[in-house]
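Here's the structure we're looking at; comments come further down.
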Amino acid sequence: MTHVSIDSTLPTDLAFSKPIAIVGAGLLGRLLAWQLLEAGHKVTLFDRDRFTTSSSQPRAAAFTAAAMISPLSEVVVSERSIYDAGMTSLLLWPRWIESLNDTTKNPIAYHATGSLVVAHPADINELQQFKRDLGFHLGEDDHSQWLDHQAIEQCEPQLNHFQQGLLLPDEAFLDNHHLLDALLDRIQSLGGECIENCAIDVSGPNNTSPFQVDNFSVIIDCRGTGARTHTTDSQSIRGVRGEVMWVETDEISLTHAVRLCHPRYKLYVVPKPNHQFIIGATEIESEDTSPISLQSTLELSSALYTIHPAFAEARVIKTDVNLRPAYRDNLPRVERKGNMISANGLYRHGYLLAPVIVQQVLKEIAEFANTKAA
């Protein structure tokens, strides 16, 4: 994956006579529409579903995600390029959130407090291995910090029953539902045309659809798993099932995203507004979108209880299932053929990588415009 400078933005003087079409209104689609509109370009945003956060409607994976920006946590199970891009995203997200908050009545919550990784005494070897893996992948760039019992108590007072942990300071999380709503509001206020309930195959005919290839100067495909085909080669997108649970309790207060090292599953707990928490861990090679399994529910609940017994009285608000879009190598791709640009394959790294992928797409648009003008 190509690293992009945080100053790589789209010029405002590009002369496009027709609007830019964005197909797919998930996280990438909304961020791109917003950035393009802010630069003064006309944009039409399409989605096969409704522009809604309602759990009763099919939605992009961005609505189900915990919205962690966690380059250190993810490099342990991925590649160094994921970390490098994630660190760039950590620079971009605060700027973008601040810009959006200047235009919205209710500020979007962004917490750059870091992540806390803990393990129970029987699993302390898992935590030590996590630290060794960080050192292997990052070398001198490993800024994680060992915490003893006293330091954990200062960091998260209600988790003082853990004797050892790791603080990952260069990590953050945000309120993704509020972000997605705020992006849609801003897109519409800037004059972006939003067309929902409109399934589109960018490579095929759409004669009965408001989407017509010839009506747009640039077409950006951000459909995620909507871009799946029936082929199984390395160029095709697959869906990777993920399951999460939302609980609510005012007995627990956390200021960090918390990860629990365990031999079988890697649980994360992320605080959300209104005394709510999102809990996840599952990653299943399946494109099944049926409700969460009993096994996953039991494992998530049991692991959550071991983080703090007070979670036993938490109320389960909802469970959710979605498919992460991924290529065979689990790395994202931005590809351009003429005026058609595809951005896909963010896998489990949606919020971690989205700003960098947006920058890459903007760069491709600028290069296309320069080629066309030459």
Side-chain angles (χ1 to χ4, degrees), residues 1-47 81-82 84-93 95-96 99-100 183 186-187 189-195 200-204 206 210-224 227 235 237 325 327 331-346 349-350 352-374:
M1 184 172 59
T2 305
H3 180 71
V4 176
S5 165
I6 60 173
D7 295 323
S8 176
T9 55
L10 186 67
T12 59
D13 59 349
L14 297 180
F16 288 126
S17 59
K18 301 176 183 178
I20 296 173
I22 300 174
V23 184
L27 178 62
L28 275 183
R30 295 188 191 206
L31 286 172
L32 279 164
W34 169 55
Q35 290 279 290
L36 288 163
L37 287 161
E38 292 283 8
H41 302 285
K42 295 179 180 179
V43 173
T44 303
L45 179 62
F46 297 89
D47 200 81
S81 63
I82 298 296
D84 292 335
M87 295 303 291
T88 301
S89 291
L90 282 172
L91 297 175
L92 283 166
W93 270 123
R95 300 182 185 186
W96 288 5
S99 177
L100 282 168
L183 282 169
R186 185 59 179 161
I187 289 166
S189 69
L190 289 169
E193 183 179 11
C194 298
I195 301 177
I200 292 171
D201 179 0
V202 297
S203 61
N206 294 275
F211 175 85
Q212 300 292 330
V213 171
D214 293 340
N215 292 340
F216 301 101
S217 56
V218 177
I219 299 166
I220 307 170
D221 184 1
C222 299
R223 290 176 295 161
Q235 302 300 315
I237 280 286
Y327 291 104
L331 295 176
R333 297 179 193 171
V334 175
E335 299 172 325
R336 177 170 61 87
K337 294 181 179 179
N339 70 333
M340 305 279 289
I341 300 172
S342 170
N344 211 329
L346 268 67
H349 307 128
L352 177 64
L353 300 184
V356 171
I357 298 301
V358 167
Q359 296 286 285
Q360 289 186 5
V361 173
L362 298 181
K363 182 179 178 182
E364 290 291 342
I365 295 173
E367 289 182 356
F368 165 71
N370 291 334
T371 301
K372 186 179 179 182

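Considering CD1 of I82 and CG of L346, their distance stands at 8.5 Å, rounded to 0.5 Å. Rounded to the nearest 0.5 Å, atoms CD1 (I200) and CD1 (I195) are 7.5 Å apart. Annotation: the span from T88 atom OG1 to Q359 atom CD amounts to 9.5 Å, rounded to 0.5 Å. Considering CZ of R333 and CD of Q360, their distance stands at 13.0 Å, rounded to 0.5 Å. Atoms NE2 and CG, on H349 and L331 in that order, are 8.5 Å from each other to the nearest 0.5 Å. Atom-to-atom distance recorded for L352:CG and M87:CE is 10.0 Å, nearest 0.5 angstrom.
Looking at every heavy atom in both residues, T44 comes nearest to P19 through OG1-CB, 4.2 Å. Closest approach of N344 and P325 over heavy atoms only: OD1-CB, 3.4 Å. Closest approach of G338 and F368 over heavy atoms only: O-CD1, 3.5 Å. Listed here is the closest heavy atom pair of L353 and G86: CD2-N, 4.2 Å. Residues A354 and L27 come closest through the heavy atom pair CB-CD2, 3.5 Å. Considering every non-hydrogen atom in both G224 and I237, the closest pair reads O-CG2, 3.9 Å.
By the side chain to side chain donor-acceptor pair (under 3.5 Å) test, D221 pairs with R223, sequence neighbours left out. Not a single side chain to side chain donor-acceptor pair (under 3.5 Å) links E335 to another residue, sequence neighbours left out. Not a single side chain to side chain donor-acceptor pair (under 3.5 Å) links S217 to another residue, sequence neighbours left out.
Side chain of K42 to backbone of G191: no donor-acceptor contact under 3.5 angstrom is found. With hydrogens and angles disregarded, a donor-acceptor distance shorter than 3.5 Å links the side chain of R30 to the backbone of A25. In this structure, T371 contributes its side chain and E367 its backbone to a donor-acceptor pair below 3.5 Å. S189 places a side-chain N or O within donor-acceptor distance of the main-chain N or O of R186, the cut-off being under 3.5 Å. The main-chain N or O of G24 is never found under 3.5 Å from a side-chain atom of D47 such that the two would form a donor-acceptor pair.
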Next on the checklist: side chain to side chain contact (heavy atoms under 4.5 Å, CB included), that's the test. Do I365 and F16 meet it? Break it down for me.
Outcome noted: CA-CA 11 Å; I365 295 173; F16 288 126; 3.8 Å; yes
Item to check | Trace of the side chain to side chain contact (heavy atoms under 4.5 Å, CB included) decision for W34 with V43 | outcome: CA-CA 9 Å; W34 169 55; V43 173; over 6 Å; no
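Ring orientation note: the planes of F46 and F216 are nearly perpendicular, at an angle over 60° on the 30°/60° scale.
A side chain to side chain contact (heavy atoms under 4.5 Å, CB included) with L36 is found for one member of L190, I20, V218, L31 and no other, namely I20.
Using a 4.5 Å heavy-atom cutoff, the side chains of L32 and L362 are in contact. Side-chain atoms of L28 and I22, non-hydrogen and from C-beta on, never get closer than 4.5 Å to each other.
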